[in-house]
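A, B, ... follow the sequence lines: proteins, then strands. Residue 1 opens every chain.
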There are 2 protein chains.
Amino acid sequence: MASLNKADVDEQVASLLREKGHRYSNTRRMLVRVLLTAGKPLTNNQIVESDNSLAQSSVYRNLNVLEEVGAVTRIVTNNEFSRYELADEITEHHHHIICTSCGDITDFSLPSKLEKSLNQSLRTAASKVRFTIDQHRFDGLGTCVACQ
Amino acid sequence: MASLNKADVDEQVASLLREKGHRYSNTRRMLVRVLLTAGKPLTNNQIVESDNSLAQSSVYRNLNVLEEVGAVTRIVTNNEFSRYELADEITEHHHHIICTSCGDITDFSLPSKLEKSLNQSLRTAASKVRFTIDQHRFDGLGTCVACQ
DNA sequence: CTTCCTGCAAAAGTTTTGCATTAAC
DNA sequence: GTTAATGCAAAACTTTTGCAGGAAG
């Protein structure tokens with residue numbers, strides 16, 4: 001499990017950015033801080049609302065850059081807003097339980113044995129259709145306690 | 001495994017629609033036929049292009065109705081088009097390998113033992129955060145042979 | 001000092017909606 | 001005959017982009 005210490009996270013993100021010739025600007029630092037403290041995936045709007053010094057377009061642009069360098073992951077459910085969270089490599093590999101009514105998401109993990117079986121089955125299936133697999137997602141879809 | 005016979009599928013869809021006071025109109029019959037023969041998830045555009053007697057808005061509207069009654073499932077990957085396929089209850093439960101470059105999707109299945117373990121882990125996790133689970137999705141994300 | 005980043009407003013792209021007409025039952 | 005479905009065009013909504021000014025290194 002990777003560290004969730006703010007300084008360590010900053011260093012990891014800075015390194016990912018610099019490797020690809022990007023800067024770790026103020027806006028990007030703020031995005032990382034917001035996502036880290038939230039502890040769950042946030043929409044662009046939720047991020048903008050959490051700190052109104054952030055411009056909508058800059059948030060979109062920077063989340064895209066952060067996704068490109070592998071620092072954040074985009075999660076889509078419906079055709080509503082995308083949600084963003086810090087990437088697995090920075091936090092730890094996990095899965096989501098998604099409320100199909102309000103879009104709220106919480107995290108959970110699978111036993112590592114099960115995780116390994118999943119990966120193996122997936123790789124076998126992928127090789128049959130000649131796909132290269134980068135990652136997987138296993139999500140539970142349902143209704144949160146507030147929406148029931 | 002449910003039947004993939006056209007007549008049976010029609011009857012199932014008709015029944016799902018009528019239960020909720022909807023009609024099995026010509027357009028809806030065509031959508032079901034297109035999805036059935038495609039054998040893989042299609043975008044709205046792909047459906048419209050496959051039969052130009054279909055209006056864009058009617059396809060969207062009817063896919064939404066069919067999703068509401070549980071006859072089709074919507075799949076989203078990026079922020080591009082949604083894709084639709086006949087629901088698990090009509091075909092059979094399965095998973096997807098998705099090309100993150102072109103959006104193409106192929107199906108695969110997991111051993112039922114693994115499927116059961118997954119469901120159990122998911123239900124345990126869900127009850128802790130008081131979510132009600134309706135379904136799950138397990139997708140492999142990667143690159144298809146054409147995009148490599 | 002050069003290059004990248006920001007913020008605003010405008011554009012793009014997918015999906016939804018209003019309304020008059022047509023089809024389903 | 002009544003109610004729901006269709007098709008067109010216009011609107012809505014999320015996300016992207018152009019451009020002039022500002023920050024990072």
Inset, instruction - Could you tell me whether Ser53(B) contacts a base, only the sugar-phosphate backbone, or nothing, with contacts defined as non-hydrogen atoms closer than 4.0 Å? - result: sugar-phosphate
Inset, instruction - Could you check how far CZ of Phe81(B) sits from P of dG13(C), rounded to whole Å? - result: 10 Å
Legend entry - Within residues 56-67 of chain A, residues whose heavy atoms come under 4.0 Å of DNA chain D: Ser57(A), Tyr60(A), Arg61(A), Asn64(A)
Legend entry - Positive for side chain to side chain contact (heavy atoms under 4.5 Å, CB included) with His96(B), one of Ile105(B), Leu141(B), Thr106(B): Ile105(B)
Inset, instruction - Can you label the angle between the Phe108(B) ring and the His95(B) ring as parallel, tilted or perpendicular, going by 30° and 60°? - result: tilted
Legend entry - Within residues 19-34 of chain B: residues closer than 4.0 Å to DNA chain D (heavy atoms): His22(B), Arg23(B), Ser25(B), Thr27(B), Arg28(B)
Inset, instruction - Would you check if Leu17(A) and Leu66(A) make a side-chain contact, meaning some heavy-atom pair closer than 4.5 Å? - result: yes
Legend entry - Start and end of the DNA chain D segment that chain B contacts, any atom under 4.0 Å from a heavy atom: dT3(D) to dT15(D)
Legend entry - Aromatic Tyr24(A) / basic Arg18(A) pairing, under 6.0 angstrom, 45° off normal: no
Legend entry - With Glu67(A), the salt bridge (Lys or Arg N to Asp or Glu O under 4.0 Å) member among Arg74(A), Lys20(A), Arg28(A): Arg74(A)
Legend entry - Five-pair end axes of the helix from dC1(C)-dG25(D) to dC25(C)-dG1(D), angle between them (10°): 50°
Inset, instruction - Write down the distance between CD1 (Ile75(B)) and P (dT14(C)), rounded to a whole number of angstrom. - result: 18 Å
Inset, instruction - Return the set of residues passing side chain to side chain contact (heavy atoms under 4.5 Å, CB included) with Ile47(B) (not counting sequence neighbours), or none when no residue passes. - result: Leu31(B), Val34(B), Leu35(B), Leu42(B), Leu54(B), Val59(B), Leu63(B)
Legend entry - Side chain to side chain, Arg123(B) and Ser127(B), heavy atoms closer than 4.5 Å: no
Legend entry - Residue pair His22(A) / Glu68(A), side-chain heavy-atom distance below 4.5 Å: yes
Inset, instruction - Mind checking salt bridge (Lys or Arg N to Asp or Glu O under 4.0 Å) for Asp107(B) and listing every partner two or more places apart, or none if nothing turns up? - result: none
